[in-house]
2 protein chains.
Amino acid sequence: MSAIADVARLAGVAKATASRALSGRGYVSDETRQKVVAAAALIGYVASPNAASLVTGRTQSVGVIIPFISRWFFSEILESLEQSLLAQGYDMTLYNLPTHSVERERVFDFFLARKRFDGVISVGVELSDDEVTQLHRLGRPLVGIGGEIPGVHTIAIDDVATARLATEHLLSLGHTDIRHVGGDQIDQMDFAVHTKRLTGFNAAMRAAGHSTDDGFSACAFTVPGGYEAGLALFGDPRRRPTAVFAASDEIAVGLIIAARELGIQIPTELSVIGIDGHPYAEMFRLTTIEQHPRHQARMAVDWLLSALEQPSTVGTAQLTRVPTNLVMRSSTSAPR
Amino acid sequence: MSAIADVARLAGVAKATASRALSGRGYVSDETRQKVVAAAALIGYVASPNAASLVTGRTQSVGVIIPFISRWFFSEILESLEQSLLAQGYDMTLYNLPTHSVERERVFDFFLARKRFDGVISVGVELSDDEVTQLHRLGRPLVGIGGEIPGVHTIAIDDVATARLATEHLLSLGHTDIRHVGGDQIDQMDFAVHTKRLTGFNAAMRAAGHSTDDGFSACAFTVPGGYEAGLALFGDPRRRPTAVFAASDEIAVGLIIAARELGIQIPTELSVIGIDGHPYAEMFRLTTIEQHPRHQARMAVDWLLSALEQPSTVGTAQLTRVPTNLVMRSSTSAPR
DNA sequence: ATGAAAGCGCTAACAC
DNA sequence: GTGTTAGCGCTTTCAT
């Protein structure tokens with residue numbers, strides 16, 4: 001509607017002065033600023049971000065690419081990213097990129113190429129070298145959450161160590177017949193999360209002198225996934241483990257639901273531990289390892305925004321490990 | 001990087017011709033188009049949407065305002081919106097607006113006023129008259145999902161009728177001692193969804209000649225919320241209903257978990273019905289009423305994009321009721 | 001069917 | 001401190 005020229009005319013100054021007064025950049029006398037601000041308020045002036053972007057190259061918005069929206073960890077990240085960005089005056093443009101998707105190429109070649117963002121946050125997406133190069137060529141800072149990407153600043157937990165910690169907790173209680181129920185090893189999430197958690201489990205088991213043969217069951221990374229796996233795994237009492245390390249709280253909850261349905265007592269007959277810090281953990285009194293998604297999200301935004309202010313930081317790509325911590329609840333105990 | 005001038009030079013034509021060839025608007029000979037397209041591909045030209053927006057007024061992006069990200073219904077809507085919009089070449093900018101939030105004013109006055117979108121989709125947000133006026137003044141189409149807003153085209157289910165249908169199912173099985181467990185009547189979601197579902201419940205109960213005194217328990221609209229309510233409601237066997245209508249599948253699942261923990265058999269001692277179509281419904285064999293979020297999302301996008309093509313449609317604000325349907329599973333049966 | 005030129009609304013240099 | 005001027009990269013009349 002109204003342009004900055006209208007504001008300038010009304011305030012009796014030049015466009016440039018009006019621009020300086022409103023943006024805060026450059027020298028303007030207090031008196032003039034007041035006039036300009038009043039004039040702008042009077043006619044309800046709102047700057048056109050397009051026009052500003054065209055000349056400054058900044059868009060005041062951040063692109064987020066993420067493979068899931070509805071899974072707890074990711075929606076938690078998303079919510080936190082949105083809040084942090086909004087608080088700093090940034091819009092958040094969302095690209096939902098399922099792992100094995102035909103959209104992926106399109107998002108990179110078409111949507112991201114449009115450069116409608118000042119930076120990109122990649123959540124749980126393992127970018128290929130080509131994709132990183134492509135993104136870097138756009139000259140915009142890039143932050144990853146969820147796993148190491150060469151040349152990209154990243155916030156992530158240590159999946160192997162976390163899985164080892166979970167397993168060690170069960171071992172320390174005296175369990176020896178422990179299973180790992182986690183994501184399928186073929187149909188992986190990015191960053192080989194499934195493999196890393198299995199690796200941590202196997203390492204802990206072997207270090208304690210236990211076999212890892214037949215120690216793993218695959219399932220979908222969801223409550224129903226854990227439920228299905230639980231029905232299959234606990235069906236035969238003779239082959240039932242005394243403890244299970246689930247690769248996520250969702251899976252752990254599904255396992256517990258299945259166990260209860262089969263009449264198995266938690267934790268006297270079966271101990272279960274998960275990873276995440278999901279709100280359901282409380283309800284199921286699930287022992288779990290928290291990975292603080294909101295904290296990770298805030299760190300990512302902080303880094304991105306500071307990289308925007310100090311473009312020198314661009315070379316500083318490094319991996320920040322976020323500590324995870326064990327929260328004990330009564331889903332685990334010593335084997336009887 | 002490269003601008004349209006580069007493409008034009010390389011193809012040996014004027015900027016205007018290059019623009020026409022690439023955008024598809026206006027007359028260009030096939031031969032010329034080919035040359036231009038080849039030149040663009042050669043130097044990896046991508047049009048600057050900012051510059052284009054500045055002159056066309058179109059941004060090729062849509063703003064979405066939504067109160068929750070992690071609740072199933074909303075994340076399902078979000079995922080579907082994103083897919084539909086992406087498929088049509090639109091970016092999606094997300095504004096997460098918790099119901100009682102201080103951010104709300106800021107989003108309207110600052111973020112939405114920037115007009116960085118061609119249209120707005122409001123999901124589960126009951127816009128005030130002022131907000132609608134404000135949005136309409138921006139001259140952009142607006143579509144709502146979740147409840148009637150005067151002057152705004154809306155996609156919604158009939159909450160009262162849906163709640164009545166759910167209650168009638170329990171009544172038709174022969175239940176007379178039925179409770180409704182739903183959202184708090186003071187701390188409402190937008191569109192008074194909590195009240196509407198309670199209203200539908202009360203209407204069905206009274207129509208069948210049953211009292212509605214003491215027939216309602218409030219809880220959070222989540223699985224843990226339903227769980228808490230269930231522990232409280234089912235604790236005393238003497239006051240236990242034979243059936244419960246839960247205002248959402250999440251609540252219903254929480255109730256079932258609580259009931260099982262208390263040793264109550266579903267459905268022989270207690271029948272439960274919910275609303276949503278949540279993926280957990282299958283696992284808990286929950287009878288539910290589906291409300292098809294993805295369908296609603298697609299309808300909203302379709303309407304918005306057609307309104308963008310035919311601005312005449314602007315006056316056509318109307319309420320489209322999305323049909324809901326009962327899916328019977330074994331969480332309900334006749335009272336014994 | 002194509003080219004030349006104007007201008008979308010803003011900010012950044014450079015004068016004063 | 002403030003005004004003038006020159007574009008940012010594109011689309012769109014208006015000529016031709």
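Protein chains get the first letters and strands the later ones, always in sequence-line order, with residue 1 at the start of each.
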Q.
B/V37: which residues meet the side chain to side chain contact (heavy atoms under 4.5 Å, CB included) condition with it, sequence neighbours left out?
A. B/L22, B/R33
Q.
Is there a side chain to side chain contact (heavy atoms under 4.5 Å, CB included) between A/F108 and A/I65? Walk through the geometry before answering.
A. CA-CA 10 Å; A/F108 278 87; A/I65 55 186; 4.2 Å; yes
Q | Residue pair B/F74 / B/M189: nearest heavy atoms and the distance that separates them | A | CZ-CE, 4.0 Å
Q: Pull out every residue in residues 32-46 of chain B that has a heavy atom closer than 4.0 Å to any atom of DNA chain D, ordered by number, or say none.
A: B/Y45
(Q) Heavy atoms only, 4.0 Å cut-off, all strands: where does A/R20 land among base, sugar-phosphate and nothing? (A) base
Q | Distance-minimising heavy-atom pair for B/G44 and B/S2 | A | O-OG, 4.2 Å
Q. Rounded to whole angstrom units, what separation is found between the CG atom of B/L54 and the C1' atom of D/dG9?
A. 9 Å
Q) Quick one: A/R25 CZ to D/dG1 C1', roughly how many Å, whole number? A) 18 Å
Q | d(CZ, B/R58; P, D/dT11) in whole Å | A | 14 Å
Q: Applying side chain to side chain contact (heavy atoms under 4.5 Å, CB included), run through A/D91 and B/Y95 and close with a yes or a no.
A: CA-CA 8 Å; A/D91 279 336; B/Y95 301 102; 2.6 Å; yes
Q.
Is B/S19 close enough to D/dT11 that one of its side-chain N or O atoms is under 4.0 Å from OP1 or OP2 there?
A. yes
(Q) Measuring from atom CZ of B/R71 to atom CD1 of B/I66, what distance do you get when rounded to the nearest 0.5 angstrom? (A) 10.5 Å
**Q.** Separation between CG of B/L135 and CG of B/D130, rounded to the nearest 0.5 Å
**A.** 11.5 Å
Q | Length of the line joining A/R9:CZ and D/dG3:C1', which is rounded to integer Å | A | 16 Å
Q: Using a heavy-atom cut-off of under 4.0 Å over every strand shown, decide if A/A52 touches base, sugar-phosphate, or nothing.
A: sugar-phosphate
Q) Starting at CG of B/N50 and ending at C1' of D/dT11, how long is that distance when rounded to a whole Å? A) 14 Å
Q: Would you mind telling me which residue lines up with the more 5' stretch of DNA chain C, B/K15 or A/A5, judged by nearest nucleotide?
A: B/K15
Q: Name the orientation class of the two ring planes belonging to B/W303 and B/H153 (parallel below 30°, tilted from 30 to 60°, perpendicular beyond 60°).
A: parallel
Q) OP1, OP2 of D/dG1 versus side-chain N and O of A/S29: anything below 4.0 Å? A) no
Q. Earliest and latest nucleotide of DNA chain C, 5' to 3', sitting under 4.0 Å from a non-hydrogen atom of chain A?
A. C/dG9 to C/dA13
(Q) Tell me the closest heavy-atom pair linking B/A39 and B/A11, and the distance in Å. (A) CB-CB, 4.0 Å
(Q) In whole Å, I'd like the distance from the CD atom of A/E31 to the C1' atom of D/dT2. (A) 13 Å
